[in-house]
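Read the numbers this way: they start at 1 and go in the same order the structure lists the ligands and their atoms.
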Amino acid sequence: MITGANGLLGQKLVEQLVESGEFVVIATGKGPNRLSTEGFLYQSLDITNREEVDQVIGEIAPDTIIHGAAMTNVDQCELNQEACVEVNVKATEYLVRAAEKVKAHFVFVSTDFIFSGNDGPYDEEATPDPVNFYGETKLTGEELVKNAQTTWAIARTVLVFGIANDLSKTNIILWVKSSLEAGKVINVVDDQVRTPTLAEDLALGCILIAKQKAEGIFNISGSDLLSAYDMAMQTADYFGLDKTLINKTDSTRFTQPAKRPLKTGFSIEKARKQLGYEPKTFRAGIGILAKQIILASS
Ligand SMILES: NC(=O)C1=CN([C@@H]2O[C@H](COP(=O)(O)OP(=O)(O)OC[C@H]3O[C@@H](n4cnc5c(N)ncnc54)[C@H](O)[C@@H]3O)[C@@H](O)[C@H]2O)C=CC1
C-alpha cells in the first residue's frame, strides 16, 4: 500500500510495482485517482483523517506500507506550520498506529532536510539538526517510526527530480532548459550542494526495501555530489544550450521563508551493499527526463 500515490514518488512507485508483476498494489491518495497507468487498486485516503486511516488499513491489512505522502513545499511548511504538523507528524502517527495493528512493514520516506547542511554529505549515523520547520516535522515523523511496534525502515532522500504524469511539477532541469531556450539569464547558487535523486531511483530504492523487508535507515539518493550551479551547467551541456546565460551566485542573495541547509548530500554505501541499490548518474537522469519530455509532448 502506497500513501501519496498521486505525487511524484507515488506515481513512479505504482508504475514500477505494477510492472514487476510481483505485488497486489493498493495506491492511496488524497481525492480521486490522478494516475495515468492501470493494474492496481485505487483507494481515496486523506491521511489526516484518523478514522479513514484506521478503516482503510484495517480492511486492506497490507503486508507493507510505503508512506510517501507529505506536505513537501518547504516554504509553505514554514508559513503554515499547523497544516505541516497535521500531514507530516500527526498523519504519520495515525498510519504507524494502524500499521501496528495489522503488523505491516512500515517504510517512511524522509529527507536530507533533517540535517543542518554544515557538514554534509551524510551517512545514516549522522546527527540530525534541521534548519527549517519542514525538516523538524520530518524528523519527528522519523522518531515516531523508529518507536513503532512493527518492523520499519526509513528511506531518506535528497532533491528528487522527475516528470509527473500531469507535468505539474517543475524541477531544476526543466527550469534551466526552458529558461535557456528562451534566452533568459539565470542566477544559480553554487553554495547549496546535494546528491540529486531521479524519482525512478527513489522508487527503486523503496521497492528494494519493501521486497527485502529491510529494517533501519537507508540513504536512497543519487551518487553525484553537485551544487545547483553544477546541475545547471550539466543540463545546459546535455541539451546544447548557452552556458554563458548561467550566472553563479550564492544563497545570501535569496530570501525565502524557509532556510535551506547548505551542504547536504548522502553517502549511499549502505544501500548499495545491503540492498543492491545503484542509482543513475545525474547526466543519465537528464537523459531519462529528456525522453519523457518528448513522450509527454507527442
Ligand atoms: N521532492 C523532493 O525533493 C524530496 C522529497 N522527499 C520526501 O519524499 C516523499 C515524496 O515526495 P514527492 O513525491 O516529491 O512529493 P509530492 O509533493 O509530489 O507528493 C506528495 C503527495 O502527498 C500527498 N498528500 C499531501 N497531503 C495528503 C493527505 N492529507 N492525504 C493524502 N495524501 C496527501 C499530495 O497530494 C501528493 O500527492 C515525501 O515524503 C517527501 O517528504 C524527501 C526529500 C526531497
Numbering as shown, the atoms of ligand 1 that approach L159 to under 4.0 Å (heavy-atom distance): 3 (O), 44 (C)

Numbering the atoms of ligand 1 from 1, which are under 4.0 Å from a heavy atom of T48? 29 (N)

At a 4.0 Å cut-off, with the gap strictly under it, does some heavy atom of Y134 reach an atom of ligand 1? yes

Sub-4.0 Å heavy-atom approach of S110 to ligand 1: yes

Hey, is G68 one of the residues with a heavy atom under 4.0 angstrom from ligand 1? yes

Please determine whether a side-chain nitrogen of the Lys or Arg among K259 and E78 lies less than 4.0 Å from a carboxylate oxygen of the Asp or Glu. no

Would you mind checking if R50 and E93 are paired as a salt bridge, meaning a charged N to carboxylate O distance below 4.0 Å? no

Check each atom of ligand 1 against the heavy atoms of T72 and keep those under 4.0 Å away; list them by number with element. 11 (O), 15 (O), 16 (P), 17 (O), 38 (C), 40 (C), 41 (O)

Would L45 count as a contact of ligand 1 if the rule is a heavy atom under 4.0 Å away? yes

Answer yes or no: does atom NZ of K270 have more than 12 heavy-atom neighbours from other residues, nucleotides or ligands under 6.0 Å? yes

Answer yes when R260 and D75 have at least one side-chain N-carboxylate O distance shorter than 4.0 Å, and no when they do not. yes

Per-atom filter on ligand 1: closer than 4.0 angstrom to a heavy atom of N6 are 37 (O)

As an exercise, identify every atom of ligand 1 less than 4.0 angstrom from a heavy atom of D46. 28 (C), 29 (N), 30 (N)

For the residue pair T137 and N88, confirm or rule out a side-chain donor-acceptor distance under 3.5 Å. yes

Quick check on contacts: which atoms of ligand 1 are under 4.0 angstrom from a heavy atom of A70? 20 (C), 22 (O), 25 (C), 38 (C), 39 (O), 41 (O)

Is there a heavy atom of M71 sitting under 4.0 angstrom from any atom of ligand 1? no

Going by the atom numbers of ligand 1, which of them fall below 4.0 Å from some non-hydrogen atom of V87? 26 (N)

Determine, considering heavy atoms only, which of L8, L202, V160 sits nearest to atom 4 (C) of ligand 1. V160

Please determine whether a side-chain nitrogen of the Lys or Arg among R283 and D237 lies less than 4.0 Å from a carboxylate oxygen of the Asp or Glu. yes

Is there a polar contact, in the sense of an N or O pair closer than 3.5 Å, between K138 and ligand 1? yes

Short N/O distance, under 3.5 Å, between V158 and ligand 1? no

Provide the number and element of each atom of ligand 1 under 4.0 Å from a heavy atom of K30. 27 (C), 28 (C), 29 (N), 30 (N), 31 (C), 32 (N)

I173 with V185, same ILVMFWY side-chain cluster at under 4.5 Å: yes

Counting heavy atoms only, name the option from A203, G29, G162, A69 that's nearest to atom 33 (C) of ligand 1. A69

Anything under 30° is parallel, anything over 60° is perpendicular, the rest tilted; go ahead and classify F266 against F115. perpendicular

Proximal candidate to atom 7 (C) of ligand 1 [heavy atom criterion; set L13, I220, T137, V109]: V109

